[in-house]
Structure formats: C-alpha cells, structure tokens
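Have a look at the structure below before the remarks.
The basis for the numbers below is simple: all heavy atoms, side chains too, and nothing from hydrogens, waters or symmetry mates.
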Amino acid sequence: MELRYTVIDPTKNITLLVTTPVPRDVQPRVAAELLRREKDAEQVGFAEGLAAGNPRLQMMGGEFCGNATMSMAAWLHRDLPIGESRALTLPVSGASAPVACRVTRLDGCFIGTVAMPLPERIETLSLPVCGVMQSLPTVFLPGISHVIVPADMIGRDRAEETLRSWSHLLPGEAMGLLLLAEDQTSFAPLVYVKPTDSCVWERGCGSGSAAIGAWLTSVRGADQCVSLGQPGGVIQVVTRTEDGASLTGLTITGTVVIGQTKTDNIPL
C-alpha cells in the first residue's frame, strides 16, 4: 500500500501524520512498520475523514495524544499566513468529545494550544519498582494513564522493564512513566503503547505534561501555570479550578514545526 505522510515536530515529539486512508484494523501494524523505518519518529497518527471534510485523528493504538492533536491542527492550517490564528475542534481517539485547539502561524513554526480532556481520576497506587512496592501518584486521562515517579527512584536502564510490568495493572491503550525532577519543573517521559508494543523515551509529551499539571493542581489546591522542561524543549500547562478544588480546565501550549511530506510502500 502506498502511504503519504508528513513528519511533524511538536516539541521534538516527532509525529508521523498519515494522510492516506488506512483501514482501522491494520493501523497498528502500519504504524509499527513506519516507526521501524523512521528512526527519529516517536508516534504515528492517522488523519481520517479528510476527503469528506470531517477530519479526525486516530492514534496508532487508539490512545489520546495532545502533541499529535496539536500537530494535526497545525497541518490542517499549514497554509495560514504568518501572524494569523485559527481555532477549531478536532475529534481525536481516546477523547469522548471533540478537542478544542488553537494554532498561530509564526515564521517557521506554529504555536499550538490544546484544551486537554480532564483526568478521569488521580490516585496514589502501590506499584512495583525494582522489586519494591512504591506509592506513586497516577493520573488517569482518557486513553492513557501516567505514573509520576521521582527521578532518583529509578534509572532509565530499569524504567522500560518497570513500565512494561505495569501493563496489566493500568487501563487504556497507553501508559506513561514520568521521571519527575525534584524541582517539579522538568521530567523525562517514557510511553508504552499496548497495541503496537512500542516503548519510547519521548522528547516531549503533551499528555504527560497535562498529567503533571493536574497532579500539581491537586497537591497545591490552586490554579497552575507551569512551564515543564523535557528533553525536546518546554510545554506550558495551565490549569483552572473551581474554588481551588475541582479541576475545570487543562491546556497545553507548545511549538509545532511541519516537516517533509513523504510517500512509502507499506505491506499490509
């Protein structure tokens, strides 16, 4: 099958956006092959409904991804003049309702903001880390769960086997292990997607950023505006609460660079 896709860089979380229609049941297999060929890529999304004028983003494992949502929003407005902005809502896998986005065209990139789905819940779970049960905050977002782990608790060399060992304990198609630095303003995200059996150290993670922002809000009991450093750059998270308690708003903002469009033949 000849595929057309665009390489997109949202905060170095390199995303392949496939714009050729691909049957849903073979998308995980196609994504795994594309990730094998594109060594810098970290995830694959499929742009559905383009011919009908009803664009929808389907991620490779059916998960939700804020960076990929931001990427597709920018791609849909790739011809926007410099300095102009557009707002849109985009249906995305893992989200129960269309996701509100806003993109602004700059010289050479876009600034994108995504209103993230609110966490279903935030809990402290007892999970095994290197043979020891640890109490770890876990943020359950639609389609993906993120476990927040102090960076000094586990080395990167043991993180992948640890995250994979949690796959039967956490719901959803994807899950993340977020190594959070002690100052709570930078982290390293490791994301495992079950349907594609892919485990990737991401250079920028939108849902992980949102998860940390939501958790900080629950801990501090107040609205948050925090810039979270990651290996690929910075993602800003803004939260809103009602009376400092219930989370009512959660947005992420980052940069998006639209790269090369390619075609390739992928066996189905």
Side-chain angles (χ1 to χ4, degrees), residues 1-10 13-76 78 88-99 101 114 117 141-145 160 163-164 166-168 170-176 189-208 256 258-268:
M1 181 180 188
E2 185 175 82
L3 289 186
R4 185 178 178 88
Y5 62 92
T6 300
V7 181
I8 303 180
D9 171 1
N13 182 204
I14 304 301
T15 301
L16 306 181
L17 182 66
V18 178
T19 52
T20 301
V22 177
R24 188 79 59 84
D25 61 339
V26 299
Q27 286 178 1
R29 188 162 71 248
V30 169
E33 178 61 21
L34 283 174
L35 289 175
R36 187 185 70 80
R37 298 185 186 194
E38 292 277 357
K39 300 303 183 184
D40 289 336
E42 297 181 349
Q43 60 187 4
V44 179
F46 295 84
E48 300 180 338
L50 296 179
N54 298 307
R56 181 185 186 279
L57 175 62
Q58 179 71 21
M59 291 304 294
M60 61 187 189
E63 76 276 18
F64 176 79
C65 177
N67 274 339
T69 303
M70 195 183 299
S71 296
M72 184 163 168
W75 182 85
L76 289 169
R78 57 197 179 279
L88 68 155
T89 57
L90 187 64
V92 183
S93 58
S96 60
V99 177
C101 316
V114 176
L141 292 165
I144 187 166
S145 304
E160 181 172 338
L163 181 56
R164 286 180 179 273
W166 296 342
S167 63
H168 65 290
L170 298 173
E173 303 297 346
M175 56 187 187
L190 179 65
V191 175
Y192 175 58
V193 178
K194 298 176 186 178
T196 55
D197 192 33
S198 57
C199 204
V200 176
W201 282 104
E202 295 190 346
R203 284 164 284 184
C205 185
S207 62
V256 178
I258 298 178
Q260 186 178 1
T261 294
K262 303 181 180 181
T263 58
D264 206 345
N265 286 300
I266 304 293
L268 295 183

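No side-chain heavy atom of Leu190 sits less than 4.5 Å from a side-chain heavy atom of Val200. Looking at heavy atoms from C-beta onward, Leu57 lies in side-chain contact with Leu17 at the 4.5 angstrom threshold. Annotation: side chain of Thr6 is in contact with side chain of Ile258 (closest heavy-atom distance under 4.5 Å). Looking at heavy atoms from C-beta onward, Met60 lies out of side-chain contact with Pro195 at the 4.5 angstrom threshold. Between Cys65 and Gln43 the shortest side-chain heavy-atom distance falls below 4.5 Å. With contacts defined as side-chain heavy-atom distances shorter than 4.5 Å, the pair Cys199/Val191 does not qualify. Counting heavy atoms from C-beta outward, Glu38 and Leu16 have side chains that approach closer than 4.5 Å.
A side-chain donor-acceptor contact under 3.5 Å links Thr15 to the backbone of Asn13. A donor-acceptor pair is defined here as one N or O able to donate and one able to accept, closer than 3.5 Å; such a pair exists between the side chain of Gln27 and the backbone of Val22. Between the Glu63 side chain and the Gly61 main chain, a donor and an acceptor come within less than 3.5 Å of each other. Although no hydrogens or angles enter the test, the distance criterion places a donor-acceptor pair under 3.5 Å between the side chain of Ser93 and the main chain of Met59.
Under 4.0 Å is where a charged nitrogen must lie from a carboxylate oxygen, and between Glu48 and Arg56 at least one such pair does. Salt-bridge formation is not detected for the pair Asp9/Arg203: no Lys NZ or Arg NE/NH1/NH2 atom is positioned less than 4.0 Å from an Asp or Glu carboxylate oxygen.
The shortest heavy-atom contact between Ser71 and Val256 is CA-CG1, 4.1 Å. Closest non-hydrogen pair, Pro117 versus Leu141, comes out as O-CD2, 3.6 Å. When all heavy atoms of Ala95 and Phe64 are compared, the pair lying nearest together is CB-CD1, 4.0 Å. Of all heavy-atom pairs spanning Ser198 and Thr196, the tightest one is OG-OG1, 2.8 Å. Residues Pro55 and Leu90 share a closest heavy-atom pair of O-CD1, 3.6 Å.
Here Glu173 contributes atom CD and Ser145 contributes atom OG; the two are 10.5 Å apart, rounded to the nearest 0.5 Å. Taking OG from Ser167 and CE from Met175, the interatomic distance works out to 4.5 Å, rounded to the nearest 0.5 Å. With values rounded to the nearest 0.5 angstrom, Thr19 atom OG1 is found 11.0 Å from Phe46 atom CZ. How far CG of Asn67 is from CE of Met72: 15.0 Å, rounded to the nearest 0.5 Å. Here the OG1-OH distance, from Thr20 to Tyr5, works out to 10.5 Å after rounding to the nearest 0.5 Å. Note that CG of Leu35 and CD1 of Ile14 are 12.0 Å apart. Values are rounded to the nearest 0.5 Å.
Environment of CZ in Arg78: crowded, with over 12 heavy atoms of neighbouring residues, nucleotides or ligands closer than 6.0 Å.
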- Message: Apply side-chain contact (heavy atoms from CB on, under 4.5 Å) to residues Val18 and Leu34 and explain how you reach the verdict.
- Response: CA-CA 10 Å; Val18 178; Leu34 283 174; 3.7 Å; yes

- Go through Val7 and Lys262 one step at a time and tell me if the side-chain contact (heavy atoms from CB on, under 4.5 Å) criterion holds. CA-CA 8 Å; Val7 181; Lys262 303 181 180 181; 4.2 Å; yes

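No donor-acceptor contact under 3.5 angstrom links the side chains of Glu160 and Tyr192, judged on distance only.
Each of Arg37, Arg4, Arg36 was evaluated against Asp264; a single residue qualifies, Arg37, per the salt bridge (charged side-chain N to carboxylate O under 4.0 Å, His left out) test.
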